[in-house]
Structure formats: C-alpha cells, structure tokens
Amino acid sequence: GMQLYVRITPRSKKFRITLVKLPDGSEEVRISITKEPEKGKGNAELVKRISEITGSNVRILRGATSRKKLLEIDGDEQQILEAIRKAACY
C-alpha cells in the first residue's frame, strides 16, 4: 500500500481531483468534494470515491478534521498513482 497527502475543498459543485505542481517540483493532490465537512460526511465521500477510483481500501490516517489529510491506500503504488492521474483534471 501507500500513503498519500491530499488537500480537500468541501462544498464543491462536483467531485474533482486536480494535480498541482508545487515550486519544489512535487505534485499536490487537491480533491474537491460535494459534501459539507460535518459529521464525517465529507470524509465518507472522500474515502468512497478514492476507493472507487483505485479499486482499493482507503483509510484516513491523519487529518480527519483538517483540510489536509493523509490517506492510506491498499495496493500497488504505481497502479494507485496511475488511477488517480487518470481521474484527475489538469
């Protein structure tokens, strides 16, 4: 499996993944979710959608109440990253 940091924007019109190049050359995964960040609704949407995209089990390791979250995703790292890239808008 792998760990992935993501930045969340709640209350969006639609679920969307965007990959953003940072000045240091790394990529930040930004995810827009439609639900509000209350009573775990946003986290549930995030986990469900990333599970569907990657075909893997997904857990939030850190940041359950934060916009910046650390996800743990089961499976092959290359396949997971490829699935997330395919699902992303640039």
Side-chain angles (χ1 to χ4, degrees):
M2 69 170 292
Q3 294 184 353
L4 180 70
Y5 277 101
V6 297
R7 182 181 295 274
I8 304 301
T9 304
R11 296 184 202 92
S12 297
K13 282 193 171 72
K14 62 180 194 168
F15 180 90
R16 194 171 72 194
I17 299 174
T18 314
L19 302 177
V20 179
K21 276 262 186 259
L22 299 178
D24 67 3
S26 65
E27 273 181 333
E28 181 175 73
V29 180
R30 294 185 182 170
I31 302 179
S32 299
I33 59 174
T34 61
K35 302 271 190 256
E36 304 217 355
E38 59 185 38
K39 297 194 181 91
K41 289 180 195 161
N43 288 339
E45 178 188 7
L46 173 66
V47 167
K48 179 175 181 277
R49 295 300 300 267
I50 298 298
S51 290
E52 289 168 358
I53 288 165
T54 61
S56 301
N57 286 326
V58 177
R59 286 173 296 289
I60 297 174
L61 289 184
R62 267 201 304 245
T65 58
S66 163
R67 283 185 177 211
K68 204 162 168 105
K69 300 182 187 299
L70 177 62
L71 304 180
E72 185 174 58
I73 307 172
D74 292 343
D76 178 69
E77 187 169 341
Q78 276 320 112
Q79 289 176 334
I80 291 166
L81 290 173
E82 203 171 293
I84 288 173
R85 282 213 168 83
K86 265 193 200 132
C89 321
Y90 287 88

Identify the heavy atoms of [X] and [Y] that sit nearest to each other, and give their distance.
X: Pro37; Y: Arg11; result: CD-NH2, 3.8 Å
X: Val47; Y: Val58; result: CG1-O, 3.5 Å
X: Ser56; Y: Ser51; result: O-OG, 3.2 Å

Checking Thr54 side chain against Ile50 main chain: does a donor-acceptor pair fall under 3.5 Å?
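Such a contact is found between Thr54 side chain and Ile50 backbone.
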Please answer whether the main-chain N or O of Ala64 pairs with a side-chain N or O of Lys69 as donor and acceptor at a distance below 3.5 Å.
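Yes: the side chain of Lys69 pairs with the backbone of Ala64.
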Would you give the length of the straight line joining atom [atom1] of [X] to atom [atom2] of [Y], rounded to the nearest 0.5 angstrom?
X: Arg30; Y: Arg7; atom1: CZ; atom2: CZ; result: 6.0 Å
X: Leu61; Y: Leu71; atom1: CG; atom2: CG; result: 7.5 Å
X: Ile60; Y: Leu46; atom1: CD1; atom2: CG; result: 5.0 Å
X: Asn43; Y: Lys48; atom1: CG; atom2: NZ; result: 14.5 Å
X: Ile73; Y: Gln79; atom1: CD1; atom2: CD; result: 12.5 Å
X: Tyr5; Y: Leu70; atom1: OH; atom2: CG; result: 4.5 Å

Identify whether Leu4 and Leu19 are in the same connected component of the hydrophobic contact network (ILVMFWY, side-chain heavy atoms under 4.5 Å).
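Yes, Leu4 and Leu19 fall within the same hydrophobic cluster.
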Got a sec, which residues hit side chain to side chain donor-acceptor pair (under 3.5 Å) with Thr34, two or more places apart in sequence or on another chain?
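If we apply the side chain to side chain donor-acceptor pair (under 3.5 Å) test to Thr34, skipping adjacent residues, the hits are Glu45.
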So Gln3 and Arg62, side-chain contact (heavy atoms from CB on, under 4.5 Å) or not? Walk me through it.
CA-CA 10 Å; Gln3 294 184 353; Arg62 267 201 304 245; 5.7 Å; no
Is it true that Arg49 and Glu52 make a salt bridge, defined as a side-chain N closer than 4.0 Å to a carboxylate O?
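Here Arg49 pairs with Glu52 in a salt bridge, since their nearest N and O are under 4.0 Å apart.
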Within a strict 4.5 Å, meaning less than it, do heavy atoms of the Ser32 and Lys13 side chains meet?
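No, side chains not in contact.
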For Arg59, check side chain to side chain contact (heavy atoms under 4.5 Å, CB included) against everything at least two apart and list the hits.
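Asn57, Glu72, Asp74.
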